[in-house]
2 protein chains.
Amino acid sequence: MAFEKRLRAIGAARYHDKHPFHQMLHGGGCSMTQVRAWVINRYYYQSRIPMKDAAFLSRCEDPQLRRIWRSRIEDHDGGISEGGGIRRWLKLAEAVGLDPDFVASTHGVLAGTRFAVDAYVHFVREKPLLEAVASSLTELFAPAIHENRIAGLLKHYAFADDSALSYFRQRLNEAPQDVRFGLAFVLDHADTLEKQDAAAAALTFKTDVLWSQLDTLHSAYVAPARIPPGGWDGREGVTGALDENPLRGAAE
Amino acid sequence: MAFEKRLRAIGAARYHDKHPFHQMLHGGGCSMTQVRAWVINRYYYQSRIPMKDAAFLSRCEDPQLRRIWRSRIEDHDGGISEGGGIRRWLKLAEAVGLDPDFVASTHGVLAGTRFAVDAYVHFVREKPLLEAVASSLTELFAPAIHENRIAGLLKHYAFADDSALSYFRQRLNEAPQDVRFGLAFVLDHADTLEKQDAAAAALTFKTDVLWSQLDTLHSAYVAPARIPPGGWDGREGVTGALDENPLRGAAE
């Protein structure tokens, strides 16, 4: 179907699997400082996903749609005591030699990461439901990147094992059912060209949110690194061995 | 007074006059493509300032405060036919060889610029008035950068003349009275340590908004340039001579 093809072409052109930072990460080219910076900043994205989904629920009048969508919050937050995506991400943080409390404080997150992620939360809070659902469809492209990431991290990094990577394995189970529902919803509700344009723009916006996070990370922590004022210095919250040559910001 | 000193120290440590992109721009180190990219992206900031100030007015119950603050919208928007900051910025766009309609369309603006600037509009829409005012106090540090910019652009770039630079000259007249009011308001209303902390955090946030815009620009258009997918390519909307060697994105 032409519209589904159009949505998939957005991923082919713009999804962040093509960003040079991911190529470094999955190919073993990252220093531990760079891996940690990625874990710290990507945590901010994880931490805002349930808030984004709660914003969606808060605007959703159909109880059946709320019931289906609620599983996204459950997947990420887990229960009072049992695990969920956020706790699994903090397992990864521990494995790469970071204090999980430091990561969870979001104190080391770059401003550019906050701006991009917060833009996503605001988008879902403010836009029509169709566009909010469409913006979640980057999950169409996620299983491939998760498979590559698991393989690449296991191959290249000593910290990588089943416990450290449990977040990604679990997403391979969860994402396909989420995205099956989301894609069917968008194909069903985008019943005019105008709505299709809006849904395509929403998915494009979301690819920008993901790409911008990696641009910010690359700019701060890959040579010639320019850590912004107040940005994480490669040392705070580190419990493992420091890199021999931690990055320094040009702005200091 | 200690609190005013604390606010000024935030500017000394974090204001974007210290960003390497500004040093390139003011020192004559930018190509015309880089100057144009700055003009296109910075236009987005200019275009959102009156919306930010309207968000402030919309939450302001005191008519006298609204009357004073309203001049900021008037300065930027101007009248139906007479000029204002936005039209002056488009004069600069013309002078650097850009189609002003292309610039005003914001079609060439980087996603990272949008995320940073929109974060500022959301901040003013959502935070207590004291923090909204405090976030405007980067104007304390603006006259020095405008003076440097006028001198640097006149010295190094053929496009620079009084008409092209009228935006900055006019801001030298407007900003001091705005900031006198804003500083007095913040010093007067931040009457507990908790409020002082919140005001200082708001000003810090705003320095991040400005710095992040330049990081995004630098990352996209300064070697090793990584123009994000869909980012302006150095050609669209250009009416002047193209650089001999326009930048190309690594992501293409």
Side-chain angles (χ1 to χ4, degrees), chain A residues 9-24 45 107 109-123 125-126 200-201 203-231 249-252, chain B residues 9-24 45 107 109-123 125-126 200-201 203-231 249-252:
Chain A
I10 292 169
R14 309 174 63 108
Y15 190 58
H16 64 171
D17 57 340
K18 281 162 285 293
H19 194 286
F21 190 89
H22 272 158
Q23 291 166 2
M24 279 177 61
Y45 179 71
H107 187 68
V109 174
L110 292 162
T113 304
R114 287 180 196 274
F115 297 151
V117 171
D118 292 351
Y120 185 32
V121 179
H122 281 118
F123 185 94
R125 195 181 288 162
E126 293 167 5
L203 181 55
T204 300
F205 161 82
K206 174 66 176 303
T207 60
D208 286 342
V209 166
L210 297 174
W211 193 276
S212 181
Q213 289 176 67
L214 293 178
D215 264 356
T216 296
L217 197 61
H218 198 292
S219 165
Y221 296 110
V222 179
R226 295 187 316 281
I227 301 175
E252 287 177 359
Chain B
I10 292 169
R14 307 174 65 107
Y15 190 57
H16 64 170
D17 56 342
K18 282 165 283 294
H19 195 285
F21 190 88
H22 272 158
Q23 290 165 3
M24 279 177 60
Y45 179 72
H107 187 67
V109 174
L110 293 162
T113 304
R114 288 181 196 275
F115 297 151
V117 171
D118 292 351
Y120 185 32
V121 179
H122 281 117
F123 185 93
R125 194 181 288 161
E126 292 167 6
L203 181 55
T204 300
F205 161 81
K206 175 66 176 303
T207 61
D208 286 343
V209 166
L210 297 174
W211 192 277
S212 180
Q213 289 177 67
L214 293 178
D215 264 356
T216 295
L217 197 62
H218 199 291
S219 164
Y221 295 111
V222 179
R226 295 186 315 280
I227 301 176
E252 287 175 0

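Chain A is the first sequence line, chain B the second, and so forth, proteins listed ahead of strands; every chain is numbered from 1.
The nearest pair of heavy atoms linking B:Arg226 to A:Pro20 is CD-CG, 3.7 Å. Across all their heavy atoms, B:Pro229 and A:Ala13 have their closest contact at CB-O, 4.1 Å.
Atoms CG and NE2, from B:Asp215 and A:His218 in turn, are 13.0 Å apart once rounded to the nearest 0.5 Å.
The greatest number of non-hydrogen atom pairs below 4.5 Å with chain B, out of A:Ala116, A:Pro224, A:Gly230, is found for A:Ala116.
Heavy atoms of B:Glu126 lying under 4.5 Å from chain A belong exclusively to its side chain.
Of the candidates B:Val117, B:Asp118, B:Asp208, A:Phe115 forms a side chain to side chain contact (heavy atoms under 4.5 Å, CB included) with just one, namely B:Asp208.
The aromatic rings of A:His122 and B:His122 sit parallel to each other, their planes meeting at less than 30°, with 60° as the upper class boundary.
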